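Just so it is clear, the values below take in all heavy atoms, side chains as well, and ignore hydrogens, waters and symmetry mates. All of these numbers come straight from a predicted model, not from anything done at the bench. Throughout, a chain's letter reflects where its sequence line sits, starting with A, and its residues are numbered from 1.
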Amino acid sequence: AQTVTQSQPEMSVQEAETVTLSCTYDTSENNYYLFWYKQPPSRQMILVIRQEAYKQQNATENRFSVNFQKAAKSFSLKISDSQLGDTAMYFCAFMIPRVGGTSYGKLTFGQGTILTVHP
Amino acid sequence: DAGVIQSPRHEVTEMGQEVTLRCKPISGHDYLFWYRQTMMRGLELLIYFNNNVPIDDSGMPEDRFSAKMPNASFSTLKIQPSEPRDSAVYFCASSTGTGRSPLHFGNGTRLTVT
């Protein structure tokens with residue numbers, strides 16, 4: 001079974017500064033995907049960034065980037081130039097792409113990290 | 001693309017009543033998921049379907065919960081009878097299951113059982 005652990009229940013950062021959210025996971029699979037989702041107070045789940053395990057290059061999306069360490073099974077999210085609109089719950093998630101069986105195609109989520117950006 | 005559509009957005013009911021939550025996935029997505037979110041347990045996968053067939057229902061808490069997917073464009077999650085501990089936000093999500101098209105979530109249904 002796959003597990004995802006987010007060890008920081010809450011984080012805070014000043015506007016315009018940089019913050020890093022931690023995530024570790026456990027799996028015996030070699031091919032998988034990792035995601036960060038954002039859930040603002042509106043409760044909508046929004047995909048922030050995606051990383052494919054077979055790609056060594058870290059994914060980036062504008063102010064969001066990841067530090068993917070496959071051997072260490074670590075997948076942290078860095079938010080640069082934090083904005084007030086970044087205030088949300090952030091979830092790390094893991095997925096084995098479709099092949100067949102009950103373990104494939106579904107997302108396993110961490111417990112989430114509440115990020116507050118202060119003006 | 002209208003996204004994943006869930007209804008109702010809010011549901012308040014009394015203990016013992018039947019509750020039905022509805023979901024329309026994105027057209028072309030052949031995976032459909034039901035998640036439950038609570039403060040204590042976070043996001044839990046209840047059940048998911050592939051091509052309208054339930055693949056894994058090990059997350060369904062008990063026999064009071066049932067889910068159906070009669071066709072590719074509609075799914076229901078039913079709780080009968082409902083209990084106060086079922087109060088949560090229930091999300092429906094759909095995907096192609098490849099990872100290149102990750103899960104797309106609906107806006108959720110906030111269920112309150114009094």
Taking the six-membered ring for Trp, are Trp36(A) and Phe75(A) parallel (under 30°), tilted (30 to 60°) or perpendicular (over 60°)?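 Judged by the thresholds at 30° and 60°, the geometry between Trp36(A) and Phe75(A) is parallel.
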
Contact part of Glu44(B) toward chain A, heavy-atom cut-off under 4.5 Å: side chain, backbone, both or neither?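 When you check distances to chain A, no heavy atom of Glu44(B) falls under 4.5 Å.
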
Side chain from CB out, backbone as N, CA, C, O: work out which of these in Met39(B) comes under 4.5 Å of a heavy atom of chain A, or both, or neither.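 It is neither, since no heavy atom gets under 4.5 Å.
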
For [Y], is there any backbone N or O sitting under 3.5 Å from a side-chain donor or acceptor partner on [X]?
X	Y	answer
Gln6(B)	Cys92(B)	yes
Gln51(A)	Ala59(A)	yes
Thr87(A)	Val117(A)	yes

Verify the neighbour count for atom CD of Gln56(A): are there more than 12 heavy atoms of other residues, nucleotides or ligands below 6.0 Å?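 12 or below, so no.
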
Heavy atoms of other groups near Lys70(A) NZ, more than 12 under 6.0 Å: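 Yes, NZ of Lys70(A) has more than 12 neighbouring heavy atoms, counting only those of other groups under 6.0 Å.
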
Roughly how far, to the nearest 0.5 Å, is OH of Tyr37(A) from CZ of Arg50(A)?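 Output value for this atom pair is 9.0 Å.
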
Validation row, ring centre Phe33(B) to ring centre Tyr48(B) under 6.0 Å: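 Phe33(B) vs Tyr48(B): aromatic centres under 6.0 Å.
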
Could you tell me whether the side chain of Leu84(A) reaches within less than 4.5 Å of the side chain of Pro119(A), counting heavy atoms only?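 When only atoms from C-beta onward are counted, Leu84(A) and Pro119(A) do touch, with a gap below 4.5 Å.
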
Show your reasoning for whether side chain to side chain contact (heavy atoms under 4.5 Å, CB included) applies to Asp86(A) and Lys38(A). CA-CA 8 Å; Asp86(A) 295 333; Lys38(A) 167 185 177 181; 4.3 Å; yes

Any chain of hydrophobic side-chain contacts (each under 4.5 Å) joining Met95(A) to Phe109(A)?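 In one cluster: yes.
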
What parts of residues 105-114 of chain B touch chain A if we use heavy atoms and a cut-off under 4.5 Å?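 Listed by number: Phe105(B), Asn107(B), Gly108(B), Thr109(B), Arg110(B).
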
Taking non-hydrogen atoms and a cut-off under 4.5 angstrom, which of residues 64-75 of chain B neighbour chain A?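 None at all.
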
Are side-chain N/O atoms of Ser82(B) and Gln17(B) paired as donor and acceptor at under 3.5 Å?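 Absent: no donor and acceptor within the cut-off.
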
Report which part of [X] has an atom under 4.5 Å of a heavy atom belonging to chain B: side chain, backbone, both, or neither.
X	answer
Leu107(A)	both
Tyr32(A)	neither
Gln39(A)	side chain

